[in-house]
Structures are given as C-alpha cells and as structure tokens.
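FYI, the numbering just counts along the sequence from 1.
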Amino acid sequence: MYKQKFAIILFVSLVLFSASAATAQEDSEIERLIRTVSVDTQRGAISNYTYLMRFSFERHKKMAGRKFTRLYEAILPSRFVTNRIYGHQILLLEDSEKRLTPEDIMIARQNLARELEKAERDAENQPVEAQTFEDGGYWSTSFMNEGKKIKVDILKLLQSAKFSNLQRRKVDGKDIATIDFSPKPDVLLEKTLLYLAKLEGQIKIDETDKRIVRVEGYAPGEFAVQREKPEAERQKEMIFLFAQCKVVEGFWFPQTIMLNFGRHPEIFDPIEVQYSFISYKKASVDVRDTIETPKEPTETPTTDTKEN
C-alpha cells in the first residue's frame with residue numbers, strides 16, 4: 001500500500017517536473033528569439049532609400065471631430081555616402097484639407113534644395129564615429145493629438161510585454177514563428193507609450209531573416225476571442241498593427257502602422273491613425289531632379305528614420 005502511494009506521488013512529481021521543464025525550455029526559446037529580433041541587423045539601411053508615406057488621422061468626437069489624409073515623400077540629400085545616416089526630408093504631396101497649387105510646389109522645390117544642401121554639409125562635418133547608433137532596426141513614429149504626443153516604438157513594446165505560446169509553422173515556404181504577448185504587471189512607461197500597458201496580441205517573426213514582420217494588438221480580453229479568426233476578421237477588432245515588407249535588397253521596412261483607439265473609447269482616447277509606406281527606392285541619382293513637393297505643413301507626423 002505504501003509502495004503504491006509512493007509510486008503515485010513519484011509519478012505526479014515526474015509529470016509536474018516535466019511540465020515545468022517544458023515551460024522553462026519554451027520561455028528560454030522565446031527569450032532567445034526576442035533578443036535576436038531586437039538586434040539591428042540592417043543598421044542605417046533606410047538612410048539610402050526614398051519612399052512615400054500616407055498619413056491618415058481621425059478624431060472620433062462629437063464636438064471636436066476631425067479627419068484628414070496626407071501624402072508625403074521622404075527624400076535624401078543627393079550627395080550622400082552610405083556609411084552615414086541622414087534624416088529624411090518629409091514633404092507634403094497631397095492634403096485632403098487644402099488644395100496645393102503649382103506655385104506651392106515650385107516654392108517648396110527651392111526650399112528643399114537649400115535644406116538638402118545644409119543636411120549634406122552638416123553630415124560631412126560630422127565624424128562617422130560621432131553619430132548615434134542604436135540596436136533595434138525598427139522605426140519609431142510619433143504624432144500629436146490635442147497637444148499630447150503619442151509614440152509607436154516596437155522595442156519599447158518588446159521591453160514592456162511578457163510572452164508565451166511559441167508556435168512555428170511554414171507560411172508560403174517561409175519559417176514563421178508566432179509569440180503571444182500581454183502587458184507586464186506594473187510596467188513603467190513614459191506618457192507617450194501608456195497605451196502599451198493595455199495591449200495584448202501576437203508577434204510574427206521571420207526566422208530566416210530574424211525580423212518581426214507583424215505585430216497585432218487588441219484591447220484587454222479581445223485577443224482570445226479573435227486569435228482563431230481569419231486575418232480580415234481580426235483586423236476589424238485590432239487597435240494596433242505594425243506590419244513590415246521586404247524590399248528587393250533584402251531589408252525589412254514598415255508597410256503599415258496603425259492605431260485605432262476609436263474601437264474602444266471607454267479605454268483609449270478615441271482617435272484613429274494610420275501610416276502606410278510604399279514605393280521604397282534605393283537612391284542612386286540626384287533626387288533634386290525629381291522633387292515635386294510643396295512646403296511641409298505645420299501639423300506633420302514624424303518618423304525616426306535612423307531606425308530605433
């Protein structure tokens with residue numbers, strides 16, 4: 001009888017130990033993956049590319065609602081060198097709130113030329129080693145809403161989240177890993193990132209390139225409901241989306257960045273913001289010959305194009 005009880009206790013202990021070991025192994029593998037994708041393997045790559053960025057904003061308020069869409073072109077100094085990082089000039093091409101005239105464009109071309117020349121001089125006078133580099137390789141973006149700055153920073157999201165449920169699969173012949181995330185308890189965040197403490201969702205990683213290709217975020221309790229639904233259905237309930245695309249040269253750059261707090265006004269400030277990036281082109285000619293852009297408006301989203 002005692003032997004039987006001892007056998008039962010031993011069996012239960014072994015099961016618990018095996019489960020604990022499996023959990024520890026998964027946690028260790030998740031930590032390794034997160035560390036790997038957090039390192040910048042494409043440092044400064046974007047400083048050699050131009051692109052178009054569409055920015056849309058909507059504030060869902062009865063008395064102070066507002067909605068607009070703008071298209072910007074990000075360009076580079078013409079005499080760039082590849083071992084330096086330049087800030088892009090972000091210039092307005094289209095604005096749903098006002099008409100842009102040929103004169104606006106002509107004036108902007110002149111202003112742009114001066115700004116580019118200054119950027120080139122500043123970069124030439126700055127030693128390469130004096131420039132600031134950070135690990136990460138994921139852009140941070142920010143915008144202002146009623147005097148309050150809101151920021152999107154993938155590295156901060158990774159640092160403020162806890163992870164679980166590592167899954168691996170083949171998608172279109174690619175090795176893809178998915179990891180669920182939720183907020184760490186009592187995480188300390190700057191004001192611009194406080195919404196991260198209310199996000200849960202899933203990260204998708206290309207294991208060959210070691211890059212995050214997609215982050216889906218939902219309001220508390222929503223991810224469990226949405227996780228098995230098709231992507232088109234999930235997107236209806238997402239409040240956060242960060243998706244990247246791979247350019248011909250092999251780098252991963254942002255494709256879509258979205259915050260849709262209007263879905264849950266009881267939790268978030270009811271705004272909807274989306275950045276869409278297209279037409280990535282590696283700069284190889286004098287970009288001044290192709291600039292057709294007007295002055296930058298006073299209300300402009302910012303992109304940290306040196307990669308955060």
Quiz item: Between I267 and A219, which heavy-atom pair has the shortest distance, and what is it?
Solution: CD1-CB, 4.3 Å
Exercise. Step through the shown structure and confirm whether more than 12 heavy atoms of other residues, nucleotides or ligands are within 6.0 Å of CZ on R32.
Key: yes
Self-check item: Side-chain hydrophobic cluster, 4.5 Å single linkage: members besides Y218
Solution: F223, M238, L241, M258
Quiz item: Does a side-chain heavy-atom distance below 4.5 Å link K204 with E216?
Solution: no
Quiz prompt | Criterion side-chain hydrogen bond (donor to acceptor under 3.5 Å, both in side chains) on T192 and E190, from CA distance to verdict | solution = CA-CA 6 Å; T192 60; E190 58 183 90; 2.6 Å; yes
Quiz item: Ring centroid separation for W139 and Y51, is it under 6.0 angstrom?
Solution: yes
Exercise. Grab the two heavy atoms, one from E200 and one from G221, that are nearest each other, plus how far apart they are.
Key: OE2-N, 2.9 Å
Self-check item: Contact check, side chains of I271 and F143, non-hydrogen atoms, under 4.5 Å
Solution: yes
Exercise. Show your reasoning for whether side-chain hydrogen bond (donor to acceptor under 3.5 Å, both in side chains) applies to S96 and E94.
Key: CA-CA 7 Å; S96 63; E94 300 173 5; over 6 Å; no
Quiz item: Is the closest side-chain heavy-atom distance between E272 and H60 below 4.5 Å?
Solution: yes
Quiz prompt | Pairwise distance CZ(R54) to OH(Y275) - rounded to 0.5 angstrom | solution = 14.5 Å
Quiz item: Looking at residues at least two apart in the chain, or sitting in another chain, which of them share a side chain to side chain donor-acceptor pair (under 3.5 Å) with N165?
Solution: Q167, D180
Quiz prompt | Ion pair E207/R168, N-O distance below 4.0 Å | solution = yes
Quiz item: Considering only heavy atoms from C-beta outward, does the side chain of Q42 approach that of R211 to under 4.5 Å?
Solution: yes
Quiz item: With E233, which of Q235, E237, E231, K236 fulfils side chain to side chain contact (heavy atoms under 4.5 Å, CB included)?
Solution: K236
Quiz item: side-chain hydrogen bond (donor to acceptor under 3.5 Å, both in side chains) between Y49 and E249: does it pass, once the steps are laid out?
Solution: CA-CA 11 Å; Y49 284 78; E249 292 78 13; 2.8 Å; yes
Practice problem: Compute the centroid of each ring, for F68 and then for F57, and state whether the two points are separated by less than 6.0 Å. | Solution: yes
Quiz item: Among all residues two or more places apart in sequence or in another chain, which pass the ring-ring contact (aromatic ring centres under 6.0 Å, His included) test with Y195?
Solution: F261
